[in-house]
2 protein chains.
Amino acid sequence: MTAQDRPLRRAEIRRERESLILKAAEKVFAEAGFGGATMQLIADMAGLPKANLHYYFATKEDLYRQVVRNIFEIWLHAADSMDGAAGPAEGIGAYIDAKMEISRRHPFGSKVWASEVMHGAPVIQDYLETTLRDWTEGRAQVIQRWIDAGLMAPCDPKHLLYMLWATTQHYADFGHQIETLNGGKPLSDKQWKAAKDGVKAIVLRGIGVL
Amino acid sequence: MTAQDRPLRRAEIRRERESLILKAAEKVFAEAGFGGATMQLIADMAGLPKANLHYYFATKEDLYRQVVRNIFEIWLHAADSMDGAAGPAEGIGAYIDAKMEISRRHPFGSKVWASEVMHGAPVIQDYLETTLRDWTEGRAQVIQRWIDAGLMAPCDPKHLLYMLWATTQHYADFGHQIETLNGGKPLSDKQWKAAKDGVKAIVLRGIGVL
DNA sequence: CTTCAACCTGACCATACGGTCAGGATTGGA
DNA sequence: TCCAATCCTGACCGTATGGTCAGGTTGAAG
């Protein structure tokens with residue numbers, strides 16, 4: 001017991017605290033933007049003294065950077081759904097499913113990401129130019145191959161990707177607007193399914209695979 | 001001359017200054033967010049002393065409110081393209097064209113709007129609940145009528161509208177990301193046309209009118 | 001038990017921000 | 001020409017914010 005727990009105790013506390021702070025930060029950054037967010041607000045949200053945040057994250061920008069990186073990771077992992085798919089119907093369908101699920105489960109993260117990009121990507125510009133660019137080129141090639149093989153209607157793969165990003169992330173980023181237009185109530189399970197199916201139906205039919 | 005110019009002079013100056021300030025504010029709010037924007041930055045951008053801004057707009061929030069309202073107006077006017085259309089191909093096609101044009105010509109405005117909604121629409125919530133809701137209901141009915149008349153494939157009109165908003169506004173809100181993935185260069189005239197045509201092709205085929 | 005590093009935090013500081021205001025300049029009607 | 005209204009702004013103020021730090025607490029290795 002002691003022999004196994006003790007060595008982990010310190011590391012655990014650190015991981016837990018960091019995670020707690022990051023979660024609170026994600027929410028506050030999403031709701032107030034980087035400029036509108038304050039360390040005090042994040043501290044209150046996390047139930048910790050402000051000075052404690054500065055113990056784990058030197059500056060507000062460091063904390064923000066970490067939040068953005070985490071989201072980027074989740075974002076990229078959604079790509080796995082697209083890999084190893086037999087064709088566009090399966091691959092793109094699964095990708096839409098995955099991204100809609102992310103919009104539902106990580107709405108704050110999606111907003112932070114949107115905000116970061118809208119402001120000119122001051123902290124993740126290098127990621128855009130390396131990781132994201134490579135990822136995009138790769139997927140575009142996959143789509144192009146599907147087109148060449150006659151598995152789907154011809155289109156510019158990049159614009160198709162933009163469309164997928166836009167439509168799926170819209171449900172997170174503009175969730176408040178959608179909620180308002182839904183009578184002030186969040187989308188129910190059924191409505192989320194309808195949204196997902198609706199997006200898939202139009203996109204898949206739009207690229208000629210339905 | 002004097003009789004006609006003089007009475008306008010004062011009003012003209014006022015209109016020009018207000019417009020100048022609003023334009024600068026739109027850009028700064030778009031690039032820094034409400035919280036990150038400062039009156040000093042806006043003043044510098046407009047080439048005016050900070051105190052002058054406060055002469056025309058009592059508070060930062062007043063200025064912001066005006067910026068958001070202006071964008072909302074432009075946004076709603078795009079709806080005119082959809083009105084009086086014979087069918088979905090014409091109506092929705094024209095609406096996409098109009099919204100893509102707005103994304104190109106008013107990228108700052110689009111970002112401010114996105115930011116406002118993402119942060120829970122603190123200053124235009126009432127507009128969302130009245131004007132936007134009415135507008136949306138109206139258009140949804142038009143689309144439903146097209147569906148009932150067999151002019152397009154069945155779908156939830158609201159989700160179709162969300163898709164149109166998402167895809168078109170994405171080119172403004174995520175313009176920086178698109179630019180980065182375009183080799184760091186803004187979309188050319190040809191690329192904008194390609195984007196517009198690409199979106200229209202997928203959406204129109206997606207609702208079965210191509 | 002001792003020791004040391006990691007962890008924690010109340011109190012504090014310099015700065016930058018939104019906003020104010022007194023007083024000056026300009027305009028235009030009488 | 002005079003005067004009142006409008007326009008303009010440098011200097012100023014209170015506050016809130018990001019960040020610091022000295023000094024205390026806790027955990028665990030020896």
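In what follows, chains carry the letters A, B, and so on, assigned in the order in which the sequence lines appear, proteins first and then strands, with residues in each chain numbered from 1. As the structure is a computational prediction, the values presented were derived from the model and not from experiment.
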So ring pair (Phe, Tyr, Trp, His ring centres under 6.0 Å) across residues 13-40 of chain A, not counting sequence neighbours, yields A:F29-A:F34, A:F29-A:Y64, A:F34-A:Y64
Separation of D:dA5 C1' from B:I13 CD1 (nearest whole Å): 14 Å
If you measure from the Lys or Arg side-chain nitrogens to the Asp or Glu carboxylate oxygens, is any gap between B:R65 and B:E61 under 4.0 Å? yes
With sequence neighbours left out, which residue pairs that include part of residues 31-47 of chain A fulfil the side-chain hydrogen bond (donor to acceptor under 3.5 Å, both in side chains) condition? A:Q40-A:D44
How long is the line joining CZ of A:F57 and C1' of D:dT20, in whole Å? 18 Å
Closest non-hydrogen atom pair, A:A37 against A:K60: O-NZ, 2.8 Å
Expressed in angstrom and rounded to an integer, what is the separation of B:L53 atom CG from C:dT20 atom C1'? 14 Å
Intermediate values then yes/no, side-chain contact (heavy atoms from CB on, under 4.5 Å), A:Y162 and B:F174: CA-CA 9 Å; A:Y162 296 160; B:F174 288 75; over 6 Å; no
Can you measure B:R14 atom CZ to D:dT6 atom C1' for me and round it to whole angstrom units? 8 Å
Gap between atoms CD and C1', on B:E18 and D:dC7 respectively (whole Å): 12 Å
Rounded to the nearest Å, what distance is computed from the CZ atom of residue A:R15 to the P atom of nucleotide C:dC7? 12 Å
Below 30° counts as parallel, above 60° as perpendicular, anything between as tilted: where do the rings of A:Y127 and A:F72 land? perpendicular
A:H54 NE2 to C:dT9 P, straight-line distance once rounded to whole Å: 14 Å
Separation of B:Y56 atom OH from C:dG19 atom P, in whole Å? 18 Å
Hey, what are the protein-to-nucleotides 9-17 of chain D N/O distances that come in under 3.5 Å?
unit_1	atom_1	unit_2	atom_2	d
D:dT9	OP2	B:N52	ND2	3.2

With sequence neighbours excluded, tell me which residues meet salt bridge (Lys or Arg N to Asp or Glu O under 4.0 Å) with B:K193. B:D197
Please tabulate, for the side chains in residues 199-206 of chain B, all donor-acceptor contacts under 3.5 angstrom to protein atoms that are two or more places apart in sequence or on a different chain.
unit_1	atom_1	unit_2	atom_2	d
B:K200	NZ	B:D97	OD1	3.1
B:K200	NZ	B:D97	OD2	3.0
B:R205	NH1	A:G206	O	2.2

Using distance alone, with no hydrogens and no angle criterion, decide if A:Q125 and B:H176 have a side-chain donor and acceptor under 3.5 Å apart. yes
Strand contacts (DNA chain D) in residues 21-30 of chain A, 4.0 angstrom heavy-atom criterion: none
